[in-house]
There are 2 protein chains.
Amino acid sequence: MTLAEKAYVSLRKDIVEGCFAPESPLRLADLSERYGMGFSPLREALNRLQAERLVTAESLRGFRVSARSLAEFEDALQARLLVETEALRLSIAKGDDAWEAKVVATLYALRQQTKREGGDVDELKTRHHAFHRSLLAACGSDWLLDFFERLYAATERYRIPALTAAGPQKRDIDAEHGAIAEAVLARDTTAAEALLREHYLRTAVTIRHGMSAT
Amino acid sequence: MTLAEKAYVSLRKDIVEGCFAPESPLRLADLSERYGMGFSPLREALNRLQAERLVTAESLRGFRVSARSLAEFEDALQARLLVETEALRLSIAKGDDAWEAKVVATLYALRQQTKREGGDVDELKTRHHAFHRSLLAACGSDWLLDFFERLYAATERYRIPALTAAGPQKRDIDAEHGAIAEAVLARDTTAAEALLREHYLRTAVTIRHGMSAT
DNA sequence: ACAATAACGATTTTCGAAAATTATGAATTT
DNA sequence: AAATTCATAATTTTCGAAAATCGTTATTGT
């Protein structure tokens, strides 16, 4: 793996996880020290992230972490519902046995990590991502999967600060995931879409709550 | 405008227009001579284009123009229908007078250029793009507009070689655009969506014809 | 005192060369 | 002849410095 790729992965993770505050400038000198590399690989990573809308660039004024706002979150949420319901529909229609097995496996892995009390939060997020991706994995559309990844990262930036602030409603997220998986494996498109929708809308409520608290 | 931005614009244009054959390697030395700049701005541009899926990169083996295939075109087409019908629906619901005026203006400009016999093909493409963008411009979703731009560029790569090969059907494209605009301005969502869909599906027929001929 | 301007420092952007890696081809061995 | 090894060339990747630009502070003039 080249330095530029490492820089891309590290920076992306740190931005999504909120290590850098939104709109804070990403100075090359700082990044160079933080990640232990020269300017070139950092600039390449920043350019890629710019194309993904995680950072913004202004000519001769460098890069910033892109802003967060309620409006942008709502936009990303709606786009996500559009993309993911379609991808889910296709996935259910086209998925084979191997796909089903993957859904079961990722759900199981996710639940295992949820159960673990002092578990690694990083690992939990990875498995959560993996589960949601597995649901759509058989859709057969590179574009939809690409959009899914983009929107997942974009909304993850909102989900993480909201995790600390306790939501207004009690949720059994494992049960929600289980219900989605069940409907998916039963090839019940209508139910699966509705459950996925509700799942995201519930998360959205928590996030709105967290945003307004800030 | 910085050199990196110029490199991005130029490279993007040249890739979309097919100046570089799909899968052909984009060697830095060649690009450096072609665009008259050093490696740094070129690499930055290539990284942005990689995030947009117009070029692919392999570690330590540089960049290539991304491949074209019928499957990828069909995928992009379907994604486009999903994204654009939704964006059009929203645009019709939210658009104001200024938006309507813009639709009328871009349609007029497009028709003027179509009429001109020895007209600049570049200008025609710009205006075609502007018209289609104006239809969705009022949708209020940055994400959908972003996806539109991506998919437009991706499918444009297929549309251009197909222009030379005569299609299997006679089309009055001006009339198609006019009908879409009319439905949009009448705020007839159902009709507008159907007409846009047909418009793209007709174009797809031409492109499939052009692809199989190759 | 205040506006305009100049000088400085900080920062981004770009270049050219060095380092690292892959591809190519010749020489050697089996 | 085929495969292997080694040397060479081509290419990508990275660094460090130079150039360009921006923002701030000091200076000058009114």
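Letters A, B, ... mirror the listed sequences (proteins, then strands); counts begin at 1.
A:Leu42 places its CG atom 13 Å from the P atom of C:dT13, with the value rounded to the nearest Å. Atom CG in A:Leu3 sits about 12 Å away from atom C1' in C:dA19, given to the nearest Å. Atom P of nucleotide C:dT11 and atom CD of A:Glu58 are separated by 16 Å, given to the nearest angstrom. Going from atom OH of A:Tyr8 over to atom P of D:dT13 covers 16 Å, rounded to whole Å. Distance B:Arg27 CZ to D:dA9 C1': 13 Å, rounded to the nearest Å. What separates CE of A:Met1 from C1' of C:dA20 is a distance of 17 Å, to the nearest Å. Rounding to whole angstrom units, CZ of residue A:Arg43 and P of C:dT11 are separated by 15 Å. Note: CG (A:Asn47) to C1' (C:dT14) measures 13 Å, nearest angstrom.
The closest donor-acceptor contact from the side chain of B:Arg68 to the backbone of B:Arg157 lies under 3.5 Å. Although no hydrogens or angles enter the test, the distance criterion places a donor-acceptor pair under 3.5 Å between the side chain of A:Ser212 and the main chain of A:His209. Put simply, the side chain of B:Tyr200 never gets that close to the backbone of B:Gln78: no donor and acceptor are under 3.5 Å apart.
In terms of position along DNA chain D, the nucleotide closest to A:Ala4 lies nearer the 5' end than the nucleotide closest to the other residue of the pair A:Ser59 and A:Ala4. Heavy-atom nearest nucleotides on DNA chain D were determined for B:Phe63 and for A:Arg61, and the one closer to the 5' end corresponds to B:Phe63.
When each of B:His128, B:Arg133, B:His132, B:His129 is tested with B:Tyr152 by the rule side-chain hydrogen bond (donor to acceptor under 3.5 Å, both in side chains), just one qualifies, namely B:His128. For the side-chain contact (heavy atoms from CB on, under 4.5 Å) with A:Val83, the qualifying choice from A:Leu88, A:Leu136, A:Leu145, A:Leu144 is A:Leu144, the only one to do so.
Side-chain atoms of A:Arg80 and A:Phe147, non-hydrogen and from C-beta on, never get closer than 4.5 Å to each other.
Defined by atom type and a distance below 3.5 Å, a donor-acceptor pair is missing between the side-chain atoms of B:Gln50 and A:Tyr8. Judged purely by distance below 3.5 Å, without hydrogens or angles, the side chains of B:Arg171 and B:Thr203 pair a donor atom with an acceptor atom.
Within the helix from C:dA1-D:dT30 to C:dT30-D:dA1, the inter-axis angle between the opening and closing five-pair segments is 10°, rounded to 10°.
The side chain of A:Leu60 has D:dC22 as its nearest neighbour among D:dC22, D:dT12, D:dT13.
Screening residues 98-109 of chain A for salt bridge (charged side-chain N to carboxylate O under 4.0 Å, His left out) gives A:Glu100-A:Arg187 as the qualifying pairs, with residues at least two apart or on separate chains.
Residues from residues 28-40 of chain B with heavy atoms under 4.0 angstrom of DNA chain C, sorted by number: B:Met37, B:Gly38, B:Ser40.
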